[in-house]
J.: 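After the structure tokens below, expect a handful of questions from me.
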There are 2 protein chains.
Amino acid sequence: MNIIISNTSEKPIYEQITTQIKAIIMKGELNAGDALPSIRFLAKELRISVITTKRAYEELERDGFIETVPGKGSFVASGNQELLREEQLRITEGHLIQAIESARSCSLSLAQLQEMLAVLYEE
Amino acid sequence: MNIIISNTSEKPIYEQITTQIKAIIMKGELNAGDALPSIRFLAKELRISVITTKRAYEELERDGFIETVPGKGSFVASGNQELLREEQLRITEGHLIQAIESARSCSLSLAQLQEMLAVLYEE
DNA sequence: CAACTGTATATATATGATATACACACTATA
DNA sequence: TATAGTGTGTATATCATATATATACAGTTG
């Protein structure tokens, strides 16, 4: 688990954690049944409060991506890679839509947008 | 001035206002020296507090897009269309970068991203 | 003065993050 | 086998910040 917290990010810490854990599960680095780091361990490592890591895990559990047992720990739930991928596709679409709306404000054509996308993708 | 407030939006009201006013200036619907609606008028029209419209105008003034005179009103500053366009380009870039990061998480190729972009652009 | 303009103060609500004290589960060892 | 120790997650009370507000104040103009 190599989670990185950015304090300059506009996104809340707990959301940065859930996003990165979802990505790790999606990549197959963690499989169904695998243990996640304990909320205390993760909190110490990231130098944040236990309550913040707990909140991240709560959201992951609420959405069915992990299961957590008091006194034991938290574990990856089964059969969610497809769900995660679909969610990620929707998120990607959302960003593209925002880019398109923003592009329309300054009269960028589809071709110009495509060009920007290609350039940025290489970096 | 045809400003629309969405209560379901995650963006704060004052930001929705600044964004839309910037778009209006960029499109040339308002030119340097033109008067903006008074914060009171706009507040009544949008059924929100004067303080919220004031905050929006404060930000626009801080960034040099409008000038406001107590007792008189607020007016479009001069020579900002280029600045606004550059800002908008940066914002568009930001959204594209987010889309790319999100796409990488679920292993989408550049071609697949381009395809999504094209489809979404037509809608 | 009247009717318009923007301004300042004090306040309510929601969200993100925290410290600290609590309760449950395993396990080593007396 | 009992139990202390160290691991796990949980609950309460609290703080800081951001968004939005009502209401009272002050300047400008005809």
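The chains referred to below are lettered A, B, ... by the order of the sequence lines, with proteins before strands, and numbering in each begins at 1.
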J.: Can you tell whether the side chains of A:Lys54 and A:Glu58 come within less than 4.0 Å, N to carboxylate O?
T.: yes
J.: Rounded off to whole Å, could you give me the CD1-to-P distance for the B:Ile39 and C:dC4 pair?
T.: 15 Å
J.: Please name the residue in the list B:His95, B:Glu93, B:Gln88 that meets the side chain to side chain donor-acceptor pair (under 3.5 Å) test with A:Ser102.
T.: B:Gln88
J.: Output the single nucleotide from D:dT10, D:dT8, D:dT21 whose closest atom is nearest the side chain of A:Ser38.
T.: D:dT8
J.: Is it true that B:Glu87 and B:Arg90 make a salt bridge, defined as a side-chain N closer than 4.0 Å to a carboxylate O?
T.: no
J.: Could you state the CD1-C1' distance from B:Ile48 to D:dT23, rounded to the nearest angstrom?
T.: 17 Å
J.: Just how far, in rounded Å, is C1' of C:dG16 from CD of A:Glu10?
T.: 14 Å
J.: Let me know, please, whether B:Glu61 or A:Pro12 comes out on the 5' side of the other along DNA chain C by nearest nucleotide.
T.: B:Glu61
J.: Between A:Ile51 (CD1) and D:dG9 (P), how many Å, whole number?
T.: 14 Å
J.: Using whole Å, what does the distance between atom P of nucleotide C:dC4 and atom CZ of B:Phe41 come to?
T.: 12 Å
J.: Is any side-chain N or O of A:Thr68 closer than 4.0 Å to OP1 or OP2 of D:dT8?
T.: no
J.: In whole angstroms, how far is the P atom of C:dA17 from the CZ atom of A:Arg55?
T.: 8 Å
J.: Under 4.0 Å between a side-chain nitrogen and a carboxylate oxygen: does that hold for B:Arg62 and B:Glu59?
T.: yes
J.: Rounded to whole Å, please give me the gap between NZ in B:Lys54 and P in D:dT23.
T.: 19 Å
J.: Could you check B:Gly73 against A:Glu15 and say which one's nearest nucleotide on DNA chain C is further toward the 5' end?
T.: B:Gly73
J.: Rounding to an integer number of Å, can you tell me how far B:Lys72 NZ sits from C:dC4 C1'?
T.: 13 Å
J.: Hey, does the side-chain of B:Arg40 have a donor or acceptor N/O within less than 3.5 Å of a partner on the base of C:dG6?
T.: yes
J.: Return no unless some side-chain N or O of B:Thr52 is found under 4.0 Å from OP1 or OP2 of D:dT19.
T.: no
J.: With the side chain of B:Ser74 defined as its heavy atoms from C-beta on, choose the nearest nucleotide among C:dT18, C:dG6, D:dT21.
T.: C:dG6
J.: Given 3.5 Å as the limit, does a donor-acceptor pair link the side chain of A:Gln112 with the main chain of A:Ser109, or not?
T.: yes
J.: Measure from the side chain of A:Tyr14, starting at C-beta and using heavy atoms only, and say which of C:dG6, C:dA17, D:dG9 lies closest.
T.: C:dA17
